[in-house]
Amino acid sequence: MKLGFPNNPKRCLAKEIEWIGSHGFDFVDLFLEESATTPDKIDCPKISDLLLKYNLERVGHTAWYLPIGSPMRTIREAAVKEAARYFEVFQKLGVRLVTIHAHWPGGGFSVKEGLAFQSETLRKLVKTAKDYHLSLMYEPVDTSEDKVQNVTALLNEVDGLLFHLDIGHANLWGRKPGEFIKALHGKLVHVHLHDNTRNMDLHLPMGCGTVDWEDTLKTLKYYYDGTITIEVFSRDRDYALLTRDKVRKLWERF
């Protein structure tokens, strides 16, 4: 298991990496999005030097709001073009795995249509990612549509697409993270870890919500031993460090 932390995309990326590296994380989850870390604002040689300085591995994370499931094909195509700009930067920074997020159309469109829109876009994105020597992983988000059955259908539909488990998202709408782990561990390559109270995507520190951490981490460790991002969004980052240490301690028990 390796534990990492994401940069805040509204802050200077170099300073964020300095903080992550100096606090003993194994990797940085590179969040490239508005407003400070769009592809055009990244100084790749400088960032590469910082990653090397702290011996940080890296995972890529595109903007969560890319409309890959839009009902409008022209918007979906624009999302692919935008993602390619991120892919170019990730390649330069030595990234191998990149997250793309679920996007459901809403507005009266059915789940079947949402799956079709996303599948069409994701096939293009998987192919484009390969051009940059990247592998694409799909992160379900916080909607009622992001259930095991739908995620399974999508992963089966798109060759080469991998699975990114967000434990907090998997705890919403009556779902349980263990259900995702057991069903999709064969394609699981990355994890985000945070807590919530089952009714909102709060990104709380571990133990401040309703996730059954003992069961979840025990199940996760049985199937998985890869990268886990501590995705705790608090102004006081001591809570993220506390969560990281709690994860390590609990992981060692199993």
Side-chain angles (χ1 to χ4, degrees), residues 1-31 37 47 50-61 64 95-97 99 137 139-140 142 163-172 175-182 185 188-254:
M1 175 191 62
K2 295 180 179 180
L3 295 176
F5 193 73
N7 61 289
N8 183 331
K10 294 184 179 181
R11 297 179 182 175
C12 170
L13 180 56
K15 291 182 179 178
E16 289 288 280
I17 290 174
E18 290 274 4
W19 187 89
I20 294 166
S22 64
H23 283 82
F25 286 95
D26 300 310
F27 69 94
V28 57
D29 204 332
L30 289 166
F31 280 32
T37 57
I47 297 304
L50 277 173
L51 293 169
L52 183 62
K53 174 183 176 181
Y54 290 104
N55 194 30
L56 285 168
E57 297 184 26
R58 68 260 7 202
V59 174
H61 190 276
W64 59 268
V95 170
R96 291 292 177 264
L97 290 171
T99 295
M137 48 186 178
E139 178 186 345
D142 58 352
F163 177 51
H164 169 163
L165 170 70
D166 186 297
I167 291 174
H169 296 165
N171 192 57
L172 298 169
R175 302 186 290 249
K176 294 182 178 180
E179 297 172 344
F180 286 83
I181 298 166
K182 292 174 183 177
H185 63 86
L188 176 61
V189 293
H190 186 52
V191 174
H192 276 180
L193 186 150
H194 53 98
D195 213 335
N196 58 51
T197 56
R198 286 193 173 274
N199 57 2
M200 191 177 296
D201 187 23
L202 298 170
H203 289 265
L204 297 174
M206 182 180 181
C208 293
T210 61
V211 173
D212 183 340
W213 287 108
E214 182 143 345
D215 178 73
T216 298
L217 291 186
K218 186 175 183 179
T219 303
L220 182 62
K221 186 174 181 179
Y222 181 81
Y223 292 106
Y224 180 78
D225 190 26
T227 51
I228 300 175
T229 297
I230 305 300
E231 203 182 25
V232 172
F233 296 159
S234 171
R235 287 191 297 273
D236 185 345
R237 285 184 167 175
D238 284 351
Y239 290 106
L241 297 176
L242 177 62
T243 295
R244 179 196 62 189
D245 295 343
K246 286 171 68 70
V247 171
R248 284 176 175 163
K249 186 179 294 186
L250 189 55
W251 194 269
E252 290 171 0
R253 283 176 45 192
F254 303 130

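As the structure is a prediction and not an experimental result, all values here were calculated from the model.
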Testing the 3.5 Å rule here: is there a donor-acceptor pair between the side chains of [X] and [Y]?
X: W213; Y: D195; answer: yes
X: N196; Y: H169; answer: no
X: D236; Y: S234; answer: no

Around N55, counting heavy atoms of other residues, nucleotides and ligands shown, do more than 12 lie under 6.0 Å from its CG? no

Do [X] and [Y] come within less than 4.5 Å of each other through their side chains, counting heavy atoms only?
X: K246; Y: T243; value: no
X: L172; Y: N199; value: no
X: W64; Y: D142; value: no

Hey, is K218 close enough to E252 for a salt bridge, meaning N to O under 4.0 Å? no

For the rings on F5 and W19, is their centre-to-centre separation under 6.0 Å? yes

With sequence neighbours left out, which residue pairs that include part of residues 231-254 fulfil the ring pair (Phe, Tyr, Trp, His ring centres under 6.0 Å) condition? H203-F233

Distance from N171 atom CG to E179 atom CD, nearest 0.5 Å? 10.0 Å

Cation-pi geometry met for R175 and F180 (6.0 Å, 45°): no

Does R237 form a salt bridge (charged side-chain N to carboxylate O under 4.0 Å, His left out) with E16? I'd like the steps, not just the answer. CA-CA 12 Å; R237 285 184 167 175; E16 289 288 280; 2.6 Å; yes

I'd like to check the side chain to side chain donor-acceptor pair (under 3.5 Å) partners of T229; sequence neighbours left out, ordered by chain and number. D29, H190

